[in-house]
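Presented below is the structure to which this report refers.
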Amino acid sequence: MEKFDINSLNDEQKKALFETEGVVLVTAGAGSGKTRLLTHRICLLVQRGVSIYNILAITFTNKATNEIKERIKQMKNLPISTLTGVWISTFHSMCVRILRQEIDYLNGYDRNFTIISETDRDKILKEICKNLGLDEEDVSKVEMHLDNIKNKGLDIEEYFSAVVEFGNKENLLKFKHAVYDYEKRLFESNSFDFDDLLNKTLFLFNNYPEVLFKYANRFEYILVDEFQDTNLVQYKLIKLLASVHGNLFVVGDEDQCIYSWRGANFKNIFNLKEDFKNVKTFKLERNYRSSKNILNIANNVISNNTERLEKHLWTEKDEGFPPVIYSAFDERDEALFIAKEIENLVANGYSYSDIAILMRLNALSRPIEEGLLSYNIPYRIYGGQKFFERAEIRILIAYISCFVNPKDEISLMKIINFPKRGIGEVAISNLKQEAGETTLLEYLLSEKFEFSKYFNKLKNFVETFKILKNKMNELTMQEFTQKVVEMFGIDREYKGKDEDSINRLSNIDSFLTSIKEFEEQNENANFVDYLAGIMLISDQDDMENGGYVSLSTIHAVKGLEFKVVFVVALEEGLFPLTRAMNSNSEMEEERRLMYVAITRAEEKIYLTHVAKRYMYGKSNYEIESRFLKELGITTNKKPKIEKVKPSPRHKDDFFLEEEDKEPFDSGLNVGDIVEHRRFGKGKVVDISSDGLVGKIDFDLVGVKELMLNIATLEKLEDEND
């Protein structure tokens with residue numbers, strides 16, 4: 001159990017720790033112990049008599065927030081018996097907390113506001129664009145303009161006046177109209193999107209000095225983690241909150257800024273020195289995570305970037321295993337190599353949860369998944385659909401949101417015809433006309449609705465809603481949600497015996513469990529706080545340790561670490577992406593992604609690329625990524641690297657026609673009886689023309705497709721011979 005022990009910090013960490021007053025910038029390299037430094041700093045402040053009530057610590061994930069809280073609790077020699085009242089949270093959670101308390105300043109909203117998901121945001125924009133006669137291509141343009149406005153906290157009118165000369169004037173007017181319509185839809189539904197949480201809080205600070213002073217005066221000491229990931233609005237919020245006491249401690253690493261596509265600006269690290277006087281700067285370069293061989297290639301790659309503060313990661317750990325580069329013939333070869341290596345790693349003492357397979361794009365996962373399945377390797381995908389974005393869960397969230405926030409028409413549209421009640425788009429349009437100025441749900445629950453021609457179709461829905469609304473305060477949150485599932489017939493929609501229905505019912509059970517756990521962990525728990533919490537969950541928060549390999553985008557694992565990491569598809573156009581080829585800033589971001597991927601590894605790293613890849617409906621010959629050349633093989637900083645002998649198909653003449661090549665001889669023929677260490681005894685039923693891939697019908701697990709050049713197979717004598 002971790003103690004508050006200053007001597008556990010290294011010299012550079014101690015120097016930063018004791019600078020408690022003024023503005024302090026710590027540039028912390030990957031794995032350099034910044035969470036420990038942040039935790040010790042909070043504890044030191046409390047030990048010196050600062051009330052926990054006067055400290056604000058901001059992180060970028062709930063996972064990091066919970067980790068800091070847990071570490072503080074464990075440091076028992078501190079006079080802290082509870083963390084009640086402490087503000088250690090993400091930017092968005094902090095803003096939700098402020099908005100709940102100060103919502104009366106925003107006319108037309110109430111504290112039971114709904115936070116809409118990215119999926120809902122996209123759906124609303126598509127509907128609005130369709131109504132305005134815009135095509136699908138224009139939807140992405142509207143999204144771009146909306147992102148620019150919200151990430152920079154700009155006025156809609158001023159923004160479009162400034163960009164009007166850069167495009168078709170008629171279309172820009174439609175885009176502006178779409179943005180206004182989107183904002184109107186959210187306002188009428190008493191709803192905010194994620195960007196609104198930041199922007200509305202900034203609006204309060206800028207327009208109501210008493211609100212700003214309340215929080216800026218309270219927080220004498222402010223700490224910000226992952227400062228390189230702040231956008232302009234977040235930076236402005238921090239500046240304002242630090243305007244009274246001026247004690248600001250930020251930790252960041254511009255080499256790990258990989259979110260510019262959502263507004264993150266690593267230049268805020270440099271802006272800090274311009275906006276505050278006497279900024280004290282410290283570097284943390286000692287890495288506690290990775291071996292020397294891994295750090296060598298990470299340093300070599302990132303040194304090719306120019307927009308960075310010079311630093312060089314080092315460690316007292318051993319050289320470690322040499323990084324492995326595997327040149328595969330195609331994506332199937334790549335996938336089966338990875339599966340085989342994982343099988344060997346597990347056989348040699350690693351667990352599945354020690355291993356991550358990282359990719360630049362989600363679209364690359366399919367062949368990798370097939371390879372893992374062929375070896376019965378358990379895995380989970382991250383950076384894709386999250387639990388709370390699954391269809392059946394979004395329906396339940398929408399039902400609860402309507403009870404909490406009756407103005408939430410966005411959620412009402414999801415449930416009004418689920419389960420099916422014969423209410424289509426025409427009926428909804430007519431109902432809205434009938435409702436007039438009244439919100440649609442309020443109209444449905446009123447006596448006036450009894451005279452509507454749609455009353456019989458929605459009679460059961462309305463009566464059930466009224467019954468449950470009256471019971472809401474009598475039941476626990478879990479009991480209430482269970483009643484929603486049963487009384488609205490949601491569970492009956494998934495009563496089939498097919499695998500999909502079973503999975504959906506299982507997900508509903510998991511949702512009920514999450515509500516129960518929330519009630520147990522939070523005194524005075526309510527749906528308002530629960531809904532806000534689940535809407536702010538990130539990919540990392542959903543990553544629980546388990547007996548499976550993590551298959552993930554690189555973006556989703558930033559801040560995490562694994563004993564073994566595979567970085568796949570290192571080819572020009574895929575990593576780095578094609579769009580970065582003509583942009584220095586985008587290429588530097590791609591390189592930062594590569595740096596982040598490498599520095600997730602503690603002990604072993606595998607880097608794979610293919611000579612030929614089938615994607616987007618065609619097969620292309622690939623050029624290996626420039627990042628492989630930047631590992632330092634041909635420089636004076638040459639690290640030790642193991643190049644695995646590629647598949648026999650991968651020769652210098654692989655561009656020749658297939659019939660000109662000698663097929664691989666595995667020594668096996670169709671009909672041979674073989675034994676595999678894991679799958680047991682089986683019969684060879686097919687071998688590909690190049691001799692590389694064999695289909696084997698195993699007695700225990702059925703037909704598996706294995707690469708014969710790497711599979712561990714023992715040929716047995718046929719019992720009939």
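Between Phe488 and Phe461, the angle of the ring planes lies from 30° to 60°, which puts this pair in the tilted group. Using bins of under 30°, 30° to 60° and over 60° for the plane-to-plane angle, the ring pair Phe449/Phe455 lands in the perpendicular bin. Phe480 and Phe403 have perpendicular rings, their planes meeting at more than 60° on a 0 to 90° scale where under 30° would count as parallel.
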- Criterion side chain to side chain contact (heavy atoms under 4.5 Å, CB included) on Gln256 and Glu226, from CA distance to verdict: CA-CA 9 Å; Gln256 295 186 73; Glu226 305 288 6; 5.5 Å; no

- Working for side chain to side chain contact (heavy atoms under 4.5 Å, CB included), residues Phe194 and Leu536: CA-CA 8 Å; Phe194 294 125; Leu536 299 177; 3.8 Å; yes

- Taking it one step at a time, do Lys200 and Leu204 satisfy side chain to side chain contact (heavy atoms under 4.5 Å, CB included)? CA-CA 6 Å; Lys200 298 298 183 185; Leu204 288 177; 5.8 Å; no

- Stepwise side chain to side chain donor-acceptor pair (under 3.5 Å) test for Gln478 and Thr481: CA-CA 5 Å; Gln478 185 201 20; Thr481 308; over 6 Å; no

- Check against side chain to side chain donor-acceptor pair (under 3.5 Å), Glu392 and Tyr494: CA-CA 9 Å; Glu392 61 277 13; Tyr494 306 120; 5.0 Å; no

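To the nearest 0.5 Å, atom CD1 of residue Ile103 and atom OH of residue Tyr109 are 8.0 Å apart. Note that CG of Leu248 is 8.0 Å distant from CG of Leu223, once rounded to the nearest 0.5 Å. Atom NZ of residue Lys483 and atom CE of residue Met472 lie 15.0 Å apart, to the nearest 0.5 angstrom. Put simply, CZ on Phe205 and CG on Leu237 are 6.0 Å apart, with the number rounded to the nearest 0.5 Å. The OG1 atom of Thr513 lies 12.0 Å from the CD1 atom of Ile508; values are rounded to the nearest 0.5 Å. Taken to the nearest 0.5 Å, the CD atom of Glu118 stands 6.5 Å off from the CG atom of Asp122.
With hydrogens and angles ignored, the 3.5 Å screen pairs no side-chain donor or acceptor of Arg41 with any backbone N or O of Arg36. The backbone N or O of Asp147 sits less than 3.5 Å from a side-chain atom of Asn151, completing a donor-acceptor pair. The backbone N or O of Arg218 sits less than 3.5 Å from a side-chain atom of Asn54, completing a donor-acceptor pair. No donor-acceptor distance shorter than 3.5 angstrom exists from the side chain of Ser429 to the backbone of Val426, with no hydrogens or angles considered. Of the possible polar contacts, none joining the Arg390 side chain to the Asn507 backbone as a donor-acceptor pair under 3.5 Å is found. The closest donor-acceptor contact from the side chain of Arg380 to the backbone of Ser550 lies at 3.5 Å or more, if one exists at all. The backbone N or O of Ser89 lies less than 3.5 Å from no partner atom in the side chain of Ser93, so there is not a single donor-acceptor pair. With hydrogens and angles ignored, the 3.5 Å screen pairs a side-chain donor or acceptor of His245 with a backbone N or O of Asn217. Here the side chain of Gln234 pairs a donor or acceptor atom with the backbone of Asn231 at under 3.5 angstrom.
Between Arg504 and Asp509 there is no salt bridge, since none of the side-chain N atoms of the basic residue sits less than 4.0 Å from a carboxylate O of the acidic one. With respect to the salt-bridge test (charged N to carboxylate O, under 4.0 angstrom), the residues Lys414 and Asp120 qualify. Of the charged side-chain nitrogens involved, at least one lies within less than 4.0 Å of a carboxylate oxygen, so that Asp193 and Lys150 count as a salt-bridged pair. Under a 4.0 Å N-O distance rule, the pair Lys214/Glu102 qualifies as a salt bridge.
Counting only heavy atoms from C-beta outward, the side chains of Asp181 and Asn131 never approach each other to under 4.5 Å. The closest side-chain heavy-atom distance from Leu56 to Met94 is below 4.5 Å. Contact check for Lys516 versus Glu520: side-chain heavy atoms found under the 4.5 Å cut-off. The shortest side-chain heavy-atom distance between Glu519 and Tyr530 does not fall under the 4.5 Å cut-off. Side-chain contact check for Val46 versus Ile55: some heavy-atom pair is nearer than 4.5 Å. Looking at Met359 and Leu551, their side chains come closer than 4.5 Å, going by heavy atoms from C-beta outward. Two residues are said to be in side-chain contact when any heavy atoms from C-beta on lie closer than 4.5 Å; Leu358 and Thr553 fail this criterion. Asp354 is not listed as a side-chain neighbour of Val346, based on a closest heavy-atom distance of 4.5 Å or more.
For the residue pair Gln482 / Glu486, a side-chain donor-acceptor distance below 3.5 Å is found, with atom types taken as modelled. Of the N and O atoms on the side chains of Tyr399 and Ser411, not one donor lies less than 3.5 Å from an acceptor on the other residue. Using modelled atom types and a 3.5 Å distance limit, the side chains of Tyr454 and Asn430 yield a donor-acceptor pair. A side-chain donor-acceptor contact under 3.5 Å links Thr114 and Asp408. Ser514 and Glu517 share no donor-acceptor pair across their side chains, judged by distance under 3.5 Å alone. Glu409 and Ser189 share no side-chain donor-acceptor pair at under 3.5 Å. Side-chain atoms of Asn207 and Tyr105 form no donor-acceptor pair, as typed in the model, at a separation below 3.5 Å. Ser351 and Ser353 form a side-chain donor-acceptor contact under 3.5 Å, judged by distance and modelled atom types alone. If you check the side chains of Asp110 and Asn190, you find a donor sitting under 3.5 Å from an acceptor. For Tyr215 and Gln101, the side-chain atoms include at least one donor-acceptor pair closer than 3.5 Å. Using modelled atom types and a 3.5 Å distance limit, the side chains of Glu369 and Tyr379 yield a donor-acceptor pair.
For the pair Arg185 and Tyr180, the cation-pi test (distance below 6.0 Å, angle within 45°) is failed. Taking the ring centre of Phe562 as origin, the terminal cationic atom of Arg600 falls outside the region bounded by 6.0 Å and 45° from the ring axis.
The number of heavy-atom neighbours closer than 6.0 Å to NZ of Lys466, taken from other residues, nucleotides and ligands shown, is above 12. Environment of NZ in Lys469: crowded, with over 12 heavy atoms of neighbouring residues, nucleotides or ligands closer than 6.0 Å.
Paired with Thr59 under the rule side chain to side chain donor-acceptor pair (under 3.5 Å), one option of Thr65, Thr90, Asn66, Asp225 passes, and it is Thr65. Applying side-chain contact (heavy atoms from CB on, under 4.5 Å) to Lys236 and the options Val233, Ile238, Leu232 leaves one that passes, Leu232.
If you look at Tyr352 and Tyr548, their ring centroids are not closer than 6.0 Å. Under the 6.0 Å cut-off for aromatic ring centres, Tyr259 and His555 qualify, their centroids lying closer than that.
Scanning all heavy atoms of the two residues, the minimum distance from Cys402 to Leu441 falls at O-CD2, 3.7 Å. The two residues Gly422 and Asn417 have their closest heavy-atom pair at N-OD1, 3.1 Å. In this structure, Phe227 and Thr230 approach most closely via the heavy-atom pair O-OG1, 2.7 Å.
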